[in-house]
Protein chains: 2
Amino acid sequence: MSKLNGDLEVLVEPSVEEAVKALRRGFSQGRLLLVIGPCTVDYEGRARSTLSLGERVIICKPDGSFMVHRPTGYEPVNWNPPGALASVYVEDGSLKLVSIRKRPPEKLVVNLSRVYLVASLKLEDSGVFALHASEEEMRRAVLIKPELIEEGFKPMEAERAIDGLEGYADLVGEDVEGNLVVVEFKRVTAGREAVLQLKQYVDALSSRTSRRVRGILAAPSVTKEGLRLLEQLGFKFVRLDPQVCYQLIKSASVKPSTGLLDYL
Amino acid sequence: MSKLNGDLEVLVEPSVEEAVKALRRGFSQGRLLLVIGPCTVDYEGRARSTLSLGERVIICKPDGSFMVHRPTGYEPVNWNPPGALASVYVEDGSLKLVSIRKRPPEKLVVNLSRVYLVASLKLEDSGVFALHASEEEMRRAVLIKPELIEEGFKPMEAERAIDGLEGYADLVGEDVEGNLVVVEFKRVTAGREAVLQLKQYVDALSSRTSRRVRGILAAPSVTKEGLRLLEQLGFKFVRLDPQVCYQLIKSASVKPSTGLLDYL
DNA sequence: CGTGCCAGGTGCCCT
DNA sequence: AGGGCACTTGGCACG
C-alpha cells in the first residue's frame, strides 16, 4: 500500500498566513506538525523561562506533546507533555504557537517572525516496543535462578508493599538459615541512596517480625561510599548484571519445556 | 538578512539513494537532519530494545544527538545523547541510520524501507535560555531573607560538603538559640526520600559536633508519609514556594541600592 | 573520570 | 488524584 500525497504536506518558506492555515488544518486532522524557523520562547508554569531569538525545530504531536528543539542537545529546551492543547494564531505579523497544559497549569508560547518550513504528517505507528535488561528482568531472573543472590536463597514475595506503608521492597525471601532477606535491585551502579532505600525496607520489615532480617543489594557495581554504608549496616553486596539476567530469561523462555527445570 | 535557499534542503519522497546522498552531505556540513518514514529500530547498549514497523520522525543534530520520535509521547522511543556519531548507508535497498556512542557503548540502528521526507537545515541559535524558580533560587532567596526559614535563622555555610564525604547539605546555619540547622530544599512536593536525605546530613553533621543539630525541610508541600517521618525524627517542615522565592530575588535585584537592606 | 544530586524531570503502577 | 519509584534517565558541578 503506497502512502498518498495527501498524508504529507510540506510548505517551504510559507507566509505566516499560509503557515497558520496549514497548522490549523493539521491540528484538526490529528497530524504531527513540524515547524522550523527563528523564534523566541516564553514558558510559565511550575517554573518560568525565557529563550531569546534563535533558529529551532518545533514538534507538535497529535496527543498534545509539544517540543522546542535547539540545534544542540538531546532534550527539548521547552516542552509540554501529552495532554496539553496546542493552538496557533497571528499577532503583529508573527506566528504564535501556544501550548497549554491544564494541571499543573503550564503555558508555552513560541513566537516566530518567519517560517522556514512547515510539515504536516499523518503518521501511523502500531509498532511494538520491547525493552530488555531492565530492573524488572533482574528480578525475574532471580525468581528463575535464586542462587544468583546466594546459595540456598528462596524468594517469597515479589515486590509489593511490605505492609501497605513505607515504600516497597523489590524482593523478599529466606536464606538457607531461615532468616528473612530483603533484596534491592539496581540496574546501574548503586550509590548511598540505594543503600538507604534498602535500609528502609529492612527496618520496616524488622519492626514487624521477630526473625532476623538481612539486607542484600544486587547491582552491577557499588560506589565506594555505598559499599561503606552497606558494610556499616551489615548488609551484603551481590554483583548482578542486567544483561546477564536478560540472557538467562531469554534462554529460559526459548525452551519452555525444560527451561525452568534447568535452573531449579 | 534573509535566509538563503542553500540553508534548507527538502526532499519529498526521495529514493533511498537520494536520501543517503543528502544525509551524508548534511552530516559533513554540520546540519540538523530530519528523516521521516516507516522504520524499525534496534538498540543495544546499557539495555536493549526492539521496535517493530511504524512511521516515525528521526532527528539528527550536529552535536551527535539522535532521536527517534513516535507520533505520540513527549520522549523519544530511542535515542543517543550528544557526542554520539551518526552515519548512513544502504543495505538490501533499505536506508540504515546508525548512531554510535562510545561510552557507555550504545548502538542504535534505524532501518527505513521508504523515506517520506528528508530535511537538512543549517540552524543558528545563539539565544540565551534563562530559567527561574529553581531550587537554587530558593536557596538564594533564603540567603537574602533568612526568616523565610524561621525567625532568627542565620545561614552559615553556602551548602557544599559537610566534611568531604557523605553527600552535600543544601544549606547549613544557626537558629536563634545557637543550634546548628541543616536545611534541605525541594522545589516540588517532598516525600520520604527527601526526609531521608535530610537525616543523612543531620547525622553526618551531628557526628562531627557536640552541638545540637536540627533538620528543616523547605518545600512547597510534603507528602503525608514524608511528614510522618519528619515528625518521627524531630525535624521541621517549612512551607516555601519557588515562585515566591523567584519574585523575592527579582525585587531584590531590580533595586540593588536598597533591595538587600529591605529584607535585612 | 567517578560520585552525588537536581530536573519545569517523565512515565508507570499502585492505592 | 496522590504517592512511590524506575529510567538506556540526562545534565551539571565537584573532588
Side-chain angles (χ1 to χ4, degrees), chain A residues 43-49 65 73-83 101 103-108 131-136 138-139 159-161 164-170 184-194 197 200-201 221-228 242-243, chain B residues 43-49 65-66 73-84 99 101 103-108 129 131-136 138-139 159-161 164-170 184-194 197 200-201 221-227 242-243 246:
Chain A
Y43 153 70
E44 190 173 331
R46 289 168 292 178
R48 284 152 193 264
S49 73
S65 314
Y74 153 82
E75 297 181 314
V77 62
N78 284 110
W79 72 91
N80 254 337
R101 185 180 179 184
R103 239 185 21 257
E106 309 215 74
K107 184 179 184 183
L108 201 53
L131 180 70
H132 297 290
S134 62
E135 184 183 298
E136 168 61 19
M138 294 174 74
R139 202 176 62 78
E159 204 158 343
R160 288 304 81 83
L165 284 176
E166 297 158 33
Y168 301 82
D170 287 339
E184 169 74 17
F185 295 97
K186 286 292 163 205
R187 68 175 305 287
V188 293
T189 303
R192 285 179 16 257
E193 232 174 68
Q197 211 171 109
Q200 276 289 295
Y201 307 145
S221 54
V222 221
T223 67
K224 206 164 64 172
E225 279 303 306
L227 185 59
R228 199 150 101 99
Q243 297 280 357
Chain B
Y43 154 70
E44 190 173 332
R46 289 169 293 179
R48 283 153 193 264
S49 74
S65 315
F66 190 103
Y74 153 81
E75 296 181 315
V77 62
N78 284 110
W79 72 91
N80 253 338
S99 170
R101 186 181 180 184
R103 247 196 6 262
E106 309 214 75
K107 185 180 183 182
L108 201 53
F129 180 70
L131 179 71
H132 298 291
S134 61
E135 182 182 299
E136 170 60 18
M138 294 174 75
R139 203 178 62 81
E159 72 183 303
R160 290 302 75 92
L165 285 176
E166 297 160 35
Y168 301 82
D170 288 340
E184 170 74 18
F185 295 98
K186 285 294 164 206
R187 70 173 307 288
V188 293
T189 303
R192 286 183 9 259
E193 233 175 69
Q197 210 171 109
Q200 275 289 296
Y201 306 145
S221 53
V222 222
T223 67
K224 206 165 66 171
E225 279 304 306
L227 184 60
Q243 295 281 356
Y246 163 62

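Chain A is the first sequence line, chain B the second, and so forth, proteins listed ahead of strands; every chain is numbered from 1. This is a predicted model, so every value here is computed, not measured.
Comparing dG4(D) with dG8(C), their P atoms are spaced 22 Å from each other, to the whole Å. Between dC5(C) and dT8(D), the two P atoms lie 22 Å apart (nearest whole Å).
With sequence neighbours left out, Glu193(A) forms a salt bridge (charged side-chain N to carboxylate O under 4.0 Å, His left out) with no residue at all. Looking at residues two or more places apart in sequence or on another chain, you find no salt bridge (charged side-chain N to carboxylate O under 4.0 Å, His left out) involving Glu135(A).
Listed nucleotides dC5(D), dT8(D), dC6(C) differ in distance to Arg192(B); the shortest reach to its side chain belongs to dC5(D). Closest contact between the side chain of Glu75(B) and the listed nucleotides dG10(D), dT10(C), dG8(C) involves dT10(C). If you check dC5(C), dT9(D), dG3(D) against the side chain of Arg187(A), the one that comes closest is dT9(D).
Using a 4.0 Å heavy-atom cutoff across all strands shown, Ser134(A) reaches sugar-phosphate atoms only and no base atom. Using a 4.0 Å heavy-atom criterion, one finds that Arg48(A) contacts no nucleic acid atom at all. Nucleic acid contact for Asn78(B): base, since at least one base atom lies under 4.0 Å from a heavy atom of the residue. Looking at heavy-atom distances under 4.0 Å, Pro82(A) makes contact with sugar-phosphate atoms alone, never a base. Nucleic acid contact for Gly45(B): none, since no nucleic acid atom lies under 4.0 Å from a heavy atom of the residue. Within the nucleic acid shown, Glu44(A) has no heavy atom closer than 4.0 Å to any nucleic acid atom.
Close to dC6(C), at under 4.0 Å from its OP1 or OP2, lies a side-chain N or O of Lys186(B). Distances shown here put a side-chain N or O of Trp79(A) below 4.0 Å from the OP1 or OP2 atom of dT10(C). Tyr201(B) has no side-chain polar atom (N or O) that falls below the 4.0 Å cut-off from OP1 or OP2 of dG4(C). Using a 4.0 Å cut-off, some side-chain N or O of Arg103(A) falls inside it from OP1 or OP2 of dA1(D). The phosphate of dC6(C) has OP1 or OP2 within less than 4.0 Å of a side-chain N or O from Gln197(B). OP1 and OP2 of dG8(C) both lie 4.0 Å or more from every side-chain N or O belonging to Arg101(A).
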